[in-house]
Amino acid sequence: MKKQLITSALLYVNGLPHLGHLVGCLLPADICARFQRQRGRETLFICGTDEHGTVSEVGAAQEKMPVADYCKKYHDRHADLYRRFNLSFDFFGRTSSDQNKEITYRIFHKLDENGLIEEKTTKQVYSPDDDRYLPDSYVIGTCPYCGYDRAKGDQCENCTKVLDPTDLIHPRSVLSGSSNIEIRETKHLFLNLPKMESELSNWIETKKGVWPDIAYSIAKKWLKEGLRERGITRDLKWGFTVPKAGFENKVFYVWFDAPIGYIGITKEWADAVPGRSWEEWWLNPDNVNHIEFMGKDNIPYHTISFPATLRGTREGWTEVGFLKGMNYLNFAGGKFSKSAHRGIFLDDALTEFPVDYWRYWLIANAPESDDASFTFDHFAATVNKDLNDVLGNFINRVLKMTSNNFGTVIPPMGPVTDAETDLYAALDTLVADYARYMENLEFRKAMATLREIWVSGNNYIAKTEPWKVVKTDKAYAGTILNTALNLIRLFAQMAAPVMPETAEKMLALVGEPADFVWPTEKMATYLTTLPAGRAFLPSDPLFSKITPERLEELKVKYKETES
RNA sequence: CGCGGGGUAGAGCAGUCCGGUAGCUUGCCAGGCUCAUAACCUGAAGGUCGGAGGUUCAAAUCCUCCCCCCGCAACCA
């Protein structure tokens, strides 16, 4: 079995993340990492913040802070939120680290040696009043086609025409509002993607039917349109200085050093403890399976530019083996918006409900095949039904029935009947299905199966009717409840990748340590494991329902009804 | 003709590659049970599979055209 290298897209450090960011890459990556570890595979889960670029410089200026301090402040806030969401990174690093600089330079020099770096002169908008070059979208003016007066320099939002900043009437800086702008010629370095087009095309073709459709088809789309040379430098101050004569006052473009950040962050991880090796993960393609998670907007960079960057060095870097691309999660029909603060942000989410409510809902409704929508109605319905009625109530009824009839100890297991063997057979199949879906990263199907696994518990209880049996055949009632308590252990292990906190509580209820280990035995064995006589904990219900009144409050508070 | 994704019961989705009387969850209705968080279990109703043509003994599935929604379009990361 290869080692599993798992990366989530690096979120831009500016601003704070919302549920869309969580479900688009961070959470599925975490669930994958937890599942891989639970199966006993050597796993490294890497993530971090992406920190370079214009947006950071502008954000820092707005908060009147040095850019480095600004990035550190937001990096720490991201890290804190993700820790509270139980994201199990082996290392959460930064693209601005010295380690990333070292790897970025190494890769750049190799690409240059191999003749893949070219110089070109381009025209850029310069704003003397802002004392900086402006990205096209930072120039606004009147659209020459439709007259919209806030058209951006790359595209008019009103009529959707693609524009150049020079097309705009009365162009001005979005930062200062100054219309004193000029077009300057400036030299930049480009990565020669056309030289690598056929190589990339052959490689992508091997992913047909292997990667999710959205990943394959977006990559194909770019290839079909023909690759262009891609600028990898910018006229900014915040970033890695370009180590090439004549370019010392420029920095690398974020999209050059950001994906290299996966490697740089792995080196941060390795440097933190003696004996760790980042090369065993990144220069070891035969023994490492790299799984990447990202939103669909990231797919071109991870299927085209980043693979080209690594391949162009001819150094044998570990390349992506499976790319899980996700669609977007919308909020009540519209978009989540960082700038307008529309939607549910992670800090708010944590104040409203326990983390596992969010983790379960998000992954059970992950936008895998199409964009999905968050609504409080759907959220409450799922939490109330799946977590409270199906899982929580099962645990509660079993614990109460047992303690009412046998005290708070696990009753002995006696001879089994058809009801038990039917249960074993059903669960052997369901657990295998569930494992397969998790293995294939088909999260919605996996969660539907997880739910079926929980339902099988209620089914078993309904069929065997222990509340009746206990009056006539106490020994068999003990067998039923023993089995049911074993089911709690099984359900905890099954839920562990998705709801680690709840899974830990469930294991504690039946006196098991918080070790997440995937069952390898058949159910006939696995469900007779708990020792009779062991004390278990009486417990309040693990979940509580969202009331209609609470639901209405939430809709108002988060302005769900506005679109 | 810019490109991609999507359009399947009230809602959320699977099925489409490899054609064979349309499936899951939820909601709604009825019954059962009464250990449990008014919960659990069973059953019923509910769809001309976006539209129109075509191929076929047979089309949600294959082909052609059209309509609607979402996203992307390389300097917003």
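Scope of the values below: all heavy atoms of this structure, side chains included, with no hydrogens, waters or symmetry mates. Letters go in sequence order (proteins before strands), and every chain restarts at 1. Note that the coordinates shown come from a computational prediction; the quantities given were computed from them, not determined experimentally.
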Consider ring pair (Phe, Tyr, Trp, His ring centres under 6.0 Å). Of A/Phe331, A/Tyr357, A/Phe353, which one does A/Phe379 pass it with?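 Per the ring pair (Phe, Tyr, Trp, His ring centres under 6.0 Å) rule, the option paired with A/Phe379 is A/Phe353, out of A/Phe331, A/Tyr357, A/Phe353.
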
Check every atom of [options] against the side chain of [X] and return the nucleotide holding the closest atom.
{"X": "A/Ser369", "options": "B/U37, B/C40, B/A14", "answer": "B/A14"}
{"X": "A/Arg397", "options": "B/G12, B/C33, B/C40", "answer": "B/C40"}
{"X": "A/Trp467", "options": "B/U37, B/U34, B/A14", "answer": "B/U34"}
{"X": "A/Asn365", "options": "B/C41, B/U25, B/G12", "answer": "B/G12"}
{"X": "A/Asp371", "options": "B/G71, B/U42, B/C40", "answer": "B/G71"}
{"X": "A/Asn396", "options": "B/G5, B/U37, B/C40", "answer": "B/U37"}
{"X": "A/Asn388", "options": "B/U37, B/C33, B/G4", "answer": "B/U37"}
{"X": "A/Ala372", "options": "B/C40, B/C13, B/U37", "answer": "B/C13"}
{"X": "A/Asn393", "options": "B/U42, B/C40, B/A74", "answer": "B/C40"}
{"X": "A/Arg451", "options": "B/A74, B/U37, B/U25", "answer": "B/U25"}

Passing option when A/Glu420 is tested against A/Thr417, A/Asp422, A/Asp418 for side-chain contact (heavy atoms from CB on, under 4.5 Å):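 So, applying the side-chain contact (heavy atoms from CB on, under 4.5 Å) to A/Glu420 and each of A/Thr417, A/Asp422, A/Asp418, only A/Thr417 qualifies.
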
When we call it a touch if two heavy atoms are under 4.0 Å apart, what does [X] touch: a base, just sugar-phosphate, or nothing?
{"X": "A/Tyr253", "answer": "sugar-phosphate"}
{"X": "A/Pro466", "answer": "nothing"}
{"X": "A/Asn384", "answer": "nothing"}
{"X": "A/Asn459", "answer": "sugar-phosphate"}
{"X": "A/Lys468", "answer": "sugar-phosphate"}
{"X": "A/Gly53", "answer": "nothing"}
{"X": "A/Val58", "answer": "nothing"}
{"X": "A/Phe543", "answer": "base"}

Find the partner of [N]: check Watson-Crick (N1-N3 plus N6-O4 or O6-N4) and G-U wobble (N1-O2, O6-N3) distances, both under 3.5 Å, and reply none if neither fits.
{"N": "B/A45", "result": "none"}
{"N": "B/C72", "result": "B/G2"}
{"N": "B/U55", "result": "none"}
{"N": "B/C33", "result": "none"}
{"N": "B/G23", "result": "B/C13"}

Could you check whether atom NZ of A/Lys72 has more than 12 heavy atoms from other residues, nucleotides or ligands sitting under 6.0 Å from it? no

So does A/Lys73 have more than 12 non-hydrogen atoms from other groups sitting under 6.0 Å from NZ? yes

Residue met sooner reading RNA chain B from 5', once A/Ser217 and A/Lys400 are mapped to nucleotides: A/Ser217

For A/Leu134 and A/Asn404, find the nucleotide of RNA chain B closest to each by heavy atoms; which residue's nucleotide sits nearer the 5' end? A/Asn404

Mind calculating the distance between [atom1] ([X]) and [atom2] ([N]) to the nearest angstrom?
{"X": "A/Leu236", "N": "B/C76", "atom1": "CG", "atom2": "P", "result": "12 Å"}
{"X": "A/Leu362", "N": "B/G12", "atom1": "CG", "atom2": "P", "result": "18 Å"}
{"X": "A/Lys445", "N": "B/G23", "atom1": "NZ", "atom2": "C1'", "result": "12 Å"}
{"X": "A/Leu399", "N": "B/C35", "atom1": "CG", "atom2": "C1'", "result": "12 Å"}
{"X": "A/His378", "N": "B/U26", "atom1": "NE2", "atom2": "C1'", "result": "8 Å"}
{"X": "A/Asp370", "N": "B/C13", "atom1": "CG", "atom2": "P", "result": "7 Å"}
{"X": "A/Ile299", "N": "B/C3", "atom1": "CD1", "atom2": "P", "result": "19 Å"}

Considering only the [atom1] atoms, how many Å lie between [N] and [M], rounded to the nearest integer?
{"N": "B/A11", "M": "B/A58", "atom1": "C1'", "result": "32 Å"}
{"N": "B/G53", "M": "B/G19", "atom1": "P", "result": "24 Å"}
{"N": "B/G7", "M": "B/A14", "atom1": "C1'", "result": "15 Å"}
{"N": "B/U56", "M": "B/U61", "atom1": "P", "result": "16 Å"}
{"N": "B/C63", "M": "B/G5", "atom1": "P", "result": "13 Å"}
{"N": "B/U37", "M": "B/G47", "atom1": "C1'", "result": "35 Å"}
{"N": "B/C40", "M": "B/U26", "atom1": "P", "result": "9 Å"}
{"N": "B/G20", "M": "B/C62", "atom1": "P", "result": "11 Å"}

Could you go through the ring pair (Phe, Tyr, Trp, His ring centres under 6.0 Å) check for A/His378 and A/Phe374 one step at a time? CA-CA 7 Å; A/His378 195 354; A/Phe374 177 89; 8.8 Å; no

With distance as the sole criterion, is a donor-acceptor pair present between the side chains of A/Asp130 and A/Ser173 under 3.5 Å?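 Short answer, yes.
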
Applying side-chain hydrogen bond (donor to acceptor under 3.5 Å, both in side chains) to A/Tyr133 and A/Thr54, what does each step give before you reach the verdict? CA-CA 9 Å; A/Tyr133 285 91; A/Thr54 308; over 6 Å; no

Suppose we call a contact any N or O donor and acceptor under 3.5 Å apart; does that hold for the side chain of A/Asp389 and the base of B/U37? no

Please check the phosphate of B/C40 (OP1 and OP2 only) for any side-chain N or O of A/Lys385 closer than 4.0 Å. yes

Going from OG on A/Ser456 to CZ on A/Arg451, what distance comes out if it is rounded to the nearest 0.5 angstrom?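 It comes to 12.0 Å.
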
Out of A/Tyr360, A/Trp361, A/Trp454, which one pairs with A/Asp386 under the side-chain hydrogen bond (donor to acceptor under 3.5 Å, both in side chains) rule? A/Tyr360

